[in-house]
Amino acid sequence: MSNQDPSLQYLYELFSDLPRQGPGNSRSTQNAYSLLKKLPEMPIILDIGCGSGAQSLDLARISGGLVVAVDNYQPFLDFLEKRAIEQNLQTHISTKLGDMFALEFKENSFDIIWAEGSIYIIGMEKGLTEWSRFLRTGGYIVVSDAVWLKPNAPEPFKSFILSECPTITNITGCLSRINRSGFECQDYFTLPENAWREDYYKPVKPRLEEFKKKYKKNREAMQVAAKMETEIEYYEKYSDYFGYVFFILKKSS
Ligand SMILES: C[S@@+](CC[C@H](N)C(=O)[O-])C[C@H]1O[C@@H](n2cnc3c(N)ncnc32)[C@H](O)[C@@H]1O
């Protein structure tokens, strides 16, 4: 979900109050976190493009540290704050309205920078280069991003993905971008399919039905719904070609 989308208000409505706005699940967040070594006892974590903060809550719980959760859409942050209180994690989460293209934090202030399903908005190289200054020496950046898992994706699926993620590449291409941005990949893994089917798409499906009833006479809203339905159908058919990969990164020495 990028804030550049002209049909943004409908997209936001579709996802409002849903647990997450992109593929992922607690287990994968935990797996990625378990790959980080020699962390301080209470790490300070910057979560960029946090949405309603499924991973922010997981990180707060797993790390016992402080998660500074940034998004440029206040209703997602409000929902995250509500969930943090319900889960008794409010002292471990601090939300901040901000733009990932122009973040204002002190240099060297975070042990970990986390971006699940959001670095595509700024682009891997630009994101890593811009955010690197906020990371303390020896810290980690952890991102998940869309990749081609195998070549020769069939049309029209390929064009659909390219229209959504114009700079998508394969894992080797991502690793080159990472190296060019001054980082080394310590580890990576592909997000499991249930993180799409169960955790991301399942809660959206009933919401789509309500949304289509509400907006049956609104062409723009119906186009937003149709695009989401196409994405879900394509994932059902072509998940072996396309997925998300978690990358665990450290600055190159
Ligand atoms: C695909 S969602 C991922 C949300 C969450 N990390 C997850 O996995 O559920 C991308 C998020 O980035 C946010 N976003 C879009 N453009 C942004 C920007 N320029 N600065 C900060 N956040 C932005 C959106 O509001 C949205 O919450």
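Counting starts at 1 for both ligands and their atoms, in listed order. All values reported here derive from a predicted model rather than from experimental measurement.
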Proximal ligand 1 atoms for F76, defined as those under 4.0 Å from one of its heavy atoms: 25 (O), 27 (O)
query: Against heavy atoms of G98, which atoms of ligand 1 measure under 4.0 Å?
result: 20 (N), 21 (C)
query: Does the pair E229/K205 count as a salt bridge with the N-to-O cut at 4.0 Å?
result: no
- prompt: Is there a heavy atom in C50 that sits closer than 4.0 Å to ligand 1?
  reply: yes
query: Any luck finding a side-chain donor-acceptor pair between D111 and Y140 under 3.5 Å?
result: no
- prompt: Can you tell me if N25 and E198 form a side-chain donor-acceptor pair at under 3.5 Å?
  reply: no
- request: Identify whether the distance between the nearest side-chain nitrogen and carboxylate oxygen of E193 and R197 falls below 4.0 Å.
  value: yes
query: Y215 and E13: side-chain donor and acceptor closer than 3.5 Å?
result: yes
message: Under 3.5 Å between any N/O of F101 and any N/O of ligand 1: does that happen in this structure?
response: no
- prompt: ligand 1 versus P23, non-hydrogen atoms closer than 4.0 Å: side chain, backbone, both, neither?
  reply: neither
query: Are a donor atom and an acceptor atom from the side chains of E125 and S181 found within less than 3.5 Å of each other?
result: no
message: Within 45 degrees of the ring normal and closer than 6.0 Å to the centroid, is that where the cationic atom of R83 sits relative to F79?
response: yes
query: Who gets closest to atom 22 (N) of ligand 1 by heavy atom: I119, N72, I48, L103?
result: N72
- request: For the residue pair E81 and T95, confirm or rule out a side-chain donor-acceptor distance under 3.5 Å.
  value: yes
message: With heavy-atom distances below 4.0 Å as the criterion, list the atoms of ligand 1 near R20.
response: 8 (O), 9 (O)
Basic-acidic side-chain contact under 4.0 Å: E116, R20: yes
- request: Please determine if Q55 has a nitrogen or oxygen closer than 3.5 Å to a nitrogen or oxygen of ligand 1.
  value: yes
statement: Honestly, for I121 the part within reach of ligand 1 (heavy atoms, under 4.0 Å) is side chain
field: Polar contact flag for E116 and ligand 1 (N/O pairs, less than 3.5 Å)
entry: yes
field: G49 N/O under 3.5 Å from ligand 1 N/O
entry: yes
- line: Contact region, Y12 to ligand 1, non-hydrogen atoms below 4.0 Å, reads side chain
query: Which of the numbered atoms in ligand 1 are below 4.0 angstrom from a heavy atom of D99?
result: 18 (C), 19 (N), 20 (N)
